[in-house]
Amino acid sequence: MKIIDNPFFVLGLTADASRIEVEREAQKLLGMLELDFEAARTYDTPLGPQLRTTEMVRAAVATLRDPYQRLVAELWARHAPPAQPEPPPRPAAAPTRDGLRRALGWRP
Amino acid sequence: MRSMIALPYLVLQWLRQSAIGARRRDRTARYLLWSVIAGVANAAMLALATSFVLFLWAVGLWWLGLAMTAVLVVPVIASAAIRLVLVPAGYHRLAYQAALYSRPGPDPAAYALCVAAWAARDGVAVAWVSAQRDARRPLGDAEVAATALLAAGRGDAATARELLRSLAMLVEDHPAVRELAGEWLACDAAERGAWHEPIYPTGEDPRPTGEAVGAPTPRARLSPIDPTRASWPATPLTYLLEGIAARHTGAAGAPSARELWARWLVAPRRRTTRALVVEALAAAAPVRRESPAEAPAAADPAPLPCAVAAHLAIDARPITAETLASAVRAWDAALGDDTTRLWLARRALELDAPLGAVERAIRDVASAVTDHLARVADAAQLGAPPGARGAVGGGLARRLRHGRLDALEAAFSRWAERRHDNTRHPSIDEWREFIALWTAYGAAVAAGGLELRRLAFPHAFSKGSNMAAWLWNKREEYALSHAISRWLLDEALAVGDTEAIELGHRNCELAVPTRLGRIQP
């Protein structure tokens with residue numbers, strides 16, 4: 001399971017959410033996605049925001065209905081760092097000098 | 001009159017060649033002195049030869065003046081003409097002829113072939129250079145370098161890099177060819193800002209402690225830019241770029257600012273390289289940063305949050321051996337920890353999960369994590385961290401070892417099948433096939449450690465020895481065959497296979513016929 005696909009993140013809930021809260025949140029998100037609400041289109045994860053679809057919401061709620069699968073999902077979600085509204089900055093790559101080889105007399 | 005001209009000209013020529021020869025053996029401050037002497041001798045030869053030609057012209061012997069221009073002037077200006085006119089203009093045939101005239105040492109056609117490949121621009125030129133290359137047998141360093149330069153010309157820098165680096169394995173050694181190869185590699189590294197990247201081959205093992213197990217063989221390894229250990233001769237441009245790299249990496253033998261400017265002065269393309277020198281002088285020595293994956297571990301001592309944070313660090317940043325090891329350590333600690341089991345057991349009870357859910361969850365998480373780490377490690381050609389024995393570490397080591405070993409054995413078997421079928425490839429393709437296998441073997445054993453190296457070697461030795469014998473006896477590709485035998489011997493020494501060591505020594509002691517004579521390794 002990829003942590004960005006964790007059902008708790010997809011539904012925007014904490015790992016403490018009850019079964020009723022899961023169902024209610026899923027219905028709400030499906031409605032919002034149906035109406036194409038911008039707020040429902042993405043969800044926060046520790047690796048930054050991800051796109052949310054109705055299929056993902058349905059899969060998430062189905063996962064959390066199963067006690068064993070919920071246990072595994074909780075293991076990840078409960079111990080993950082907080083979700084980030086922005087993706088983490090990528091480390092700066094070494095600066096390159098395009099065309100230097102050519103300028104020094106080599107091709108291309 | 002003729003002797004009055006000829007004697008000083010010959011003395012100057014001797015001085016120039018001696019200075020260039022000394023420069024090729026030297027990478028200290030004397031390099032600059034030899035460069036200046038070679039330059040002054042070159043200028044004096046040109047002045048003398050031009051004066052003589054003008055004198056002949058003035059006295060009406062213009063036909064003799066033309067002949068003397070060809071004999072005395074052209075060899076002096078050939079190198080500059082190649083670099084400044086013929087190569088940029090794409091005159092590959094003229095560049096080839098000028099290189100022959102430039103007196104690059106024994107076997108001038110080797111250097112000429114590389115220069116023609118450097119100048120080749122269109123399909124016709126590439127076909128001409130390829131034909132010249134294929135006509136030269138057996139394979140040597142010039143043919144490999146020319147192929148690399150053709151690849152570079154069509155924009156395939158990765159192939160060019162791989163082929164030029166592979167020259168380190170060939171015993172045939174044309175200094176002028178190695179100079180060109182070294183300069184291309186140095187310029188390529190400079191363009192990519194890869195100042196830490198290995199470039200030059202050395203005769204010793206440059207592996208740092210801890211990397212020794214499973215890394216490719218010493219002979220084939222390339223050292224980081226380290227002028228004191230570099231064994232290829234350097235052009236003035238290469239020498240300058242070495243100094244710039246040393247300043248960037250904070251190497252112990254990095255030149256002072258004054259010395260770096262002196263190198264800049266003797267190197268060509270000063271307008272371009274000036275900015276590099278200024279940047280290198282402004283660069284501070286690199287500061288070792290803590291591994292990013294270690295930071296969360298230090299901040300949160302609970303094993304499971306540490307493991308998840310280390311796992312996320314793998315996804316968030318380019319993976320390194322340190323971040324992989326950190327993630328494996330963290331997961332092994334977390335999944336083997338009693339608090340994790342207690343927490344799982346309590347939650348399983350609260351959720352009314354089926355019996356055995358705790359063990360199953362630990363197994364499933366370990367399997368999912370191992371899958372993910374194996375995929376990432378495989379893509380980055382990393383091995384399992386040494387000594388990892390937990391659910392994740394042990395699984396990762398097994399996964400990486402088996403997949404790589406199978407692929408390696410299949411590749412060596414395909415290679416050796418050609419001997420049975422007597423399928424002959426052009427010499428350069430034989431070399432490229434071996435280099436591909438050598439690279440795959442090096443990557444696999446570097447990732448899989450000594451255990452994988454010991455498992456992979458017998459098969460590689462069996463197939464490689466047969467191919468080396470076939471290439472020597474049937475194909476008369478002596479340098480190629482010797483390179484394979486030498487590599488197998490190094491590997492045999494690394495894994496301690498006495499039978500292979502004995503055979504390897506016998507094979508490697510054979511004198512290798514090359515265009516530069518029989519070379520006794």
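Below, read A as the first sequence line, B as the second, and so on, with proteins coming before strands; counting in each chain starts at 1.
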Report summary line: Turns out that what part of B:D188 lies under 4.5 Å from chain A's heavy atoms comes down to both
Query raised in the report: For chain A, which of B:D371, B:D364, B:V369, B:V87 has the most heavy-atom pairs under 4.5 Å?
Result: B:D364
**Report entry** Closest non-hydrogen atom pair between A:G99 and B:E191, with its separation
**Finding:** N-OE1, 3.2 Å
Query raised in the report: If you count heavy-atom pairs under 4.5 Å with chain B, which of A:L100, A:D66, A:D98, A:I4 comes out on top?
Result: A:L100
Query raised in the report: In terms of heavy-atom proximity below 4.5 Å to chain A, should B:L149 be classed as side chain, backbone, both, or neither?
Result: side chain
Query raised in the report: Roughly how far, to the nearest 0.5 Å, is the CG atom of A:L47 from the CG atom of B:L312?
Result: 5.0 Å
Report summary line: Rounded to the nearest 0.5 Å, the CZ atom of A:R101 sits from the OG1 atom of B:T272 at a distance of 14.5 Å
**Report entry** Side chain / backbone / both / neither for A:R19 at chain B, heavy atoms under 4.5 Å
**Finding:** neither
**Report entry** Taking every non-hydrogen atom, the tightest pair across B:L304 and A:L75
**Finding:** CD2-CG, 4.0 Å
Query raised in the report: Considering only heavy atoms, which portion of B:P354 lies under 4.5 Å from any heavy atom of chain A: side chain, backbone, both, or neither?
Result: side chain
Query - Shortest non-hydrogen contact from A:G105 toward B:W118 - result: O-NE1, 3.1 Å
Requested in this report: Work out which heavy atom in B:L351 is nearest to a heavy atom in A:P67; give both atom names and the distance.
Outcome: O-CB, 3.3 Å
Query raised in the report: Shortest non-hydrogen contact from A:R97 to B:L276?
Result: NE-CD2, 3.3 Å
Query - More than 12 heavy atoms from other groups under 6.0 Å of OH on B:Y91 - result: no
Requested in this report: Using the six-membered ring wherever Trp is involved, compare the ring planes of B:W343 and A:H79 and label them parallel, tilted or perpendicular (cut-offs 30° and 60°).
Outcome: perpendicular
Query raised in the report: Does B:L355 CG have over 12 foreign heavy atoms under 6.0 Å away?
Result: no
Query - Over 12 non-hydrogen atoms of neighbours within 6.0 angstrom of CD in A:E34 - result: no
Query raised in the report: At a heavy-atom separation under 4.5 Å, does B:L240 approach chain A through its side chain, its backbone, both, or neither?
Result: neither
Query - Student check: side-chain heavy atoms of B:L180 and A:W106 closer than 4.5 Å - result: yes
Requested in this report: Please determine, among B:D352, B:L344, B:L84, the option with the most heavy-atom pairs under 4.5 Å with chain A.
Outcome: B:L344
Report summary line: Ranking B:A353, B:P88, B:A361 by heavy-atom pairs under 4.5 Å to chain A gives rank one to B:A361
Query raised in the report: Has B:D338 got more than 12 heavy atoms of other residues, nucleotides or ligands less than 6.0 Å from its CG?
Result: no
Query raised in the report: With a 4.5 angstrom heavy-atom cut-off, which part of B:R360 approaches chain A: side chain, backbone, both or neither?
Result: both
Query raised in the report: Do other residues, nucleotides or ligands put more than 12 heavy atoms under 6.0 Å from the CZ atom of B:R274?
Result: no
Report summary line: Cut-off 4.5 Å, heavy atoms of chain A, and the answer for B:L237 is side chain
